[in-house]
Amino acid sequence: MFKRIMVTVAAALLALPVFAQNTEDLEQRLKALQEKVAAVDEMKKEIDVLTQEIETLKSGALTTGTTQKAASEPGPGVSIGGYGEFRYNNPEHGEPTADMLRGVLYAGYKFNERVHFNSELEVEHGSTERAGSVSLEFAQLDFLVRPEFNVRGGVLLMPVGIINEQHEPTTYLASRRPLVEDVIIPTTWSEIGAGVFGDVGRFSYRTYVTTGMDSTRFDSEEGIHEGKQSGSEAGASDLAIVARADFHPFEGTLFGASVYSGGSGQAAAFKGRVRLAEVHADSKFRGVSLRALVARGSVGDAAQIDEQNGLTGDESIGKTFGGWYGEAGYDVLQRGTMSLTPYARYERLDTQRSVPLGFERNPENNRRIWTFGVAFKPISQTVVKIDWEKARRDNQWNVALGYIF
Amino acid sequence: MTREQALSAAFPNAKPARQTFFLNKQQLDAARKESGVDFSEQLVIRYAGPNGFAYFDTHRVRTLPETVMIVVTPDGKVDRVEILSFDEPTDYFPKRRWLDQLLHRHLDDDLSLKKAIRPISGASLTGQAIVNATRKVLALHHVIR
């Protein structure tokens, strides 16, 4: 028994240094572990700070942190954008042409949340050294009061029809804008003026007082198209009033109408009142695009304008004029960002529905045009359109390339 | 609207917990595939409230950024969409009734301007940007939940 006890005590004594050594080792390892945990905690805090910084940077410092600016405060003031289109035309009877139809740079500035400036500077036909021109398509100051009532002034896009205010190549189907929204409703039509606009429930409205048109540039083929003054040393002896209302029964669909009335004589001895009215509908849903418009107009003192412009016989301007069109397309690519939209458009217009006594109508100005084509958008901001136009005068192939940013 | 104001509106009388996730390559690829939106951020931050999760997304509309808050229910449906900042012209700002089309939608083919979401007349880039942000947030929510 004594021997067994002695052996146990001896073994314990021999093991003591090892035990002490293990304890010391464990303490060191524990300490190292505690340091690592502290370092991890510190790293977690640093990561948290970094993620908050990243979050702030990602949201542009507009909406985050204690030093944030509220979105109702002025953000970056300058806004830029642009759009443009190139087109190749190949008529059956005539020479093919290619044109940089327009390159447009948009610039806007938010002075504050209530006062905004918007403008578009347009270069048409590539170069002013050849057939091109440079013009301000619009340049307007908006004074935002409340959604139902706001004030606008400057060189204004006339709120008539669909294309005049939304004319980017990605927003309409064919390679050419509808001729109805070119010679019956002059597009792009801008005038110097001022007015009010706003939204009331599902209705939106705009009404302006502007400079009237200039009858010295009316003709039989293009009607009142060239009479737009575009804010270029515009005659202001005769003014005009334009009003528009749209009803939005649901998103993506609108029904609307507009009326315009204004003198075009300017310094002449006659008024030359131009009256124009149109109704329109536009709808996009589940890949289907539908659009229709009917427009009618008249020009007072048409005989005097003919005399002023030296027009005789069937060259007379239309005493009344009008037209309509309908178009439809369907995006056959229902998934992804690309779209491929076959479309068809039919339009009928006449710039001389009636002419003054003593003049004749030219049947060439009574036009019917079918357009069949396809629009391909690799991304929603670019489009390639190929179409075939069948008209009484001539048929032609068109290829267009457009972009917006 | 600031982020705090948006969160207060989404989760009244509650203090949502900020949560941070770091996506691995597989999760990022899965979110990109599910959403159909091309993005590369692997850091996801969300705010967990009593009945949903608020995600913030900043993206380009035309040339300028927009920040939106999208609140997602635990089962992956859109519960709320708020625009916190918008620097493009006011004409491109979407109306509340357009945003409301996104409510109660989950991530499927119908969540598209070609399907159930009607486009914004004259502001297609805004509509596309917000739909893309919504698809991206729903895909991220699915990947990390």
Side-chain angles (χ1 to χ4, degrees), chain A residues 47-48 50-52 54-55 57-60 62-66 68-72 75-82 106 108 110 113 116 118 142 144 147 150 165-166 168 170-171 199 202 246 248 250-254 282-287 331 333-337 339 380-381 404-405, chain B residues 1-6 18-22 36-38 41 43-45 56-69 82-92 94-95 97-101 109-110 112-125 127-129 132:
Chain A
I47 287 171
D48 198 43
L50 282 172
T51 58
Q52 287 186 41
I54 290 168
E55 192 179 16
L57 287 171
K58 281 170 74 176
S59 59
L62 265 176
T63 56
T64 57
T66 51
Q68 69 209 4
K69 292 187 287 182
S72 58
V78 177
S79 170
I80 61 162
Y106 163 86
K110 284 185 184 176
E113 284 306 305
H116 298 177
N118 292 298
D142 286 352
L144 306 181
N150 306 283
E165 292 183 302
Q166 287 177 26
E168 296 86 354
T170 51
T171 62
D199 294 326
R202 292 190 173 275
D246 287 309
H248 307 261
F250 33 78
E251 291 308 310
T253 295
L254 68 85
D282 185 38
S283 183
K284 290 184 179 63
F285 185 56
R286 290 192 179 268
D331 180 5
L333 303 180
Q334 284 289 293
R335 298 186 66 172
T337 54
S339 73
S380 59
Q381 292 166 270
I404 180 173
F405 62 90
Chain B
M1 184 184 284
T2 65
R3 186 168 59 199
E4 283 68 29
Q5 288 168 340
R18 186 172 181 276
Q19 299 176 334
T20 305
F21 301 88
F22 296 92
V37 179
D38 192 21
E41 305 105 276
L43 170 66
V44 180
I45 296 162
F56 293 87
D57 190 74
T58 300
H59 47 259
R60 192 177 60 185
V61 176
R62 190 166 66 170
T63 56
L64 294 173
E66 164 189 58
T67 297
V68 297
M69 178 185 76
E82 297 288 348
I83 297 177
L84 278 71
S85 73
F86 187 87
D87 290 327
E88 297 287 4
T90 321
D91 288 350
Y92 296 113
K95 293 185 169 56
R97 61 175 181 261
W98 184 86
L99 292 171
D100 287 348
Q101 291 184 100
D109 285 351
D110 254 3
S112 160
L113 289 176
K114 294 182 177 186
K115 296 286 183 69
I117 308 299
R118 294 173 186 269
I120 308 171
S121 296
S124 55
L125 297 183
Q128 192 64 61
N132 282 351

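Proteins get letters first, then strands, A, B, ... in listed order; numbering begins at 1 in each.
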### Task
Examine the side chains of B/R118 and A/S283 and answer whether a donor and an acceptor come within less than 3.5 Å of each other.
no

Name the region of [X], side chain, backbone, both or neither, that has any atom closer than 4.5 Å to a heavy atom of chain B.
| X | value |
| --- | --- |
| A/S339 | both |
| A/T171 | neither |
| A/I80 | both |
| A/L333 | both |

Where on [X] is there a heavy atom nearer than 4.5 Å to chain A: the side chain, the backbone, both, or neither?
| X | result |
| --- | --- |
| B/A6 | neither |
| B/D110 | side chain |
| B/T20 | side chain |
| B/D91 | side chain |
| B/E66 | neither |
| B/R18 | side chain |
| B/I45 | side chain |

### Query
Which atom pair, heavy atoms only, marks the closest approach of B/K95 to A/D199?
CE-OD2, 3.0 Å

#### Entry: Residues B/T90, A/L144; criterion side chain to side chain contact (heavy atoms under 4.5 Å, CB included); working and verdict
CA-CA 10 Å; B/T90 321; A/L144 306 181; 3.8 Å; yes

### Task
Among A/S380, A/G252, A/P147, A/G287, single out the residue with the greatest number of heavy-atom pairs under 4.5 Å to chain B.
A/G252

### Query
Under a 4.5 Å heavy-atom cutoff, which of A/Q381, A/R286, A/K284 has the most pairs with chain B?
A/R286

### Task
Any chance you could measure A/H248, atom NE2, to B/W98, atom CH2, to the nearest 0.5 Å?
15.5 Å

## Note on the structure
Value for CG (B/L125) from CD (A/E168), rounded to nearest 0.5 Å, stands at 9.0 Å

### Task
Tell me, with the steps shown, if B/F22 and A/I47 meet side chain to side chain contact (heavy atoms under 4.5 Å, CB included).
CA-CA 11 Å; B/F22 296 92; A/I47 287 171; 3.6 Å; yes

### Summary
Comparing B/S124, B/G127, B/G36, B/A116 against chain A, the one with the most heavy-atom pairs below 4.5 Å turns out to be B/A116

### Task
Compare all side-chain heavy atoms of A/E251 with those of B/R97 and state whether any distance is below 4.5 angstrom.
yes

### Message
Under 6.0 Å from the ring centre and within 45 degrees of the ring axis: does the NZ or CZ of B/R62 meet both conditions for the six-membered ring of A/Y106?
### Response
yes

### Query
In terms of side-chain geometry, is the basic nitrogen of B/K115 or A/D331 positioned less than 4.0 Å from the acidic oxygen of its partner?
no

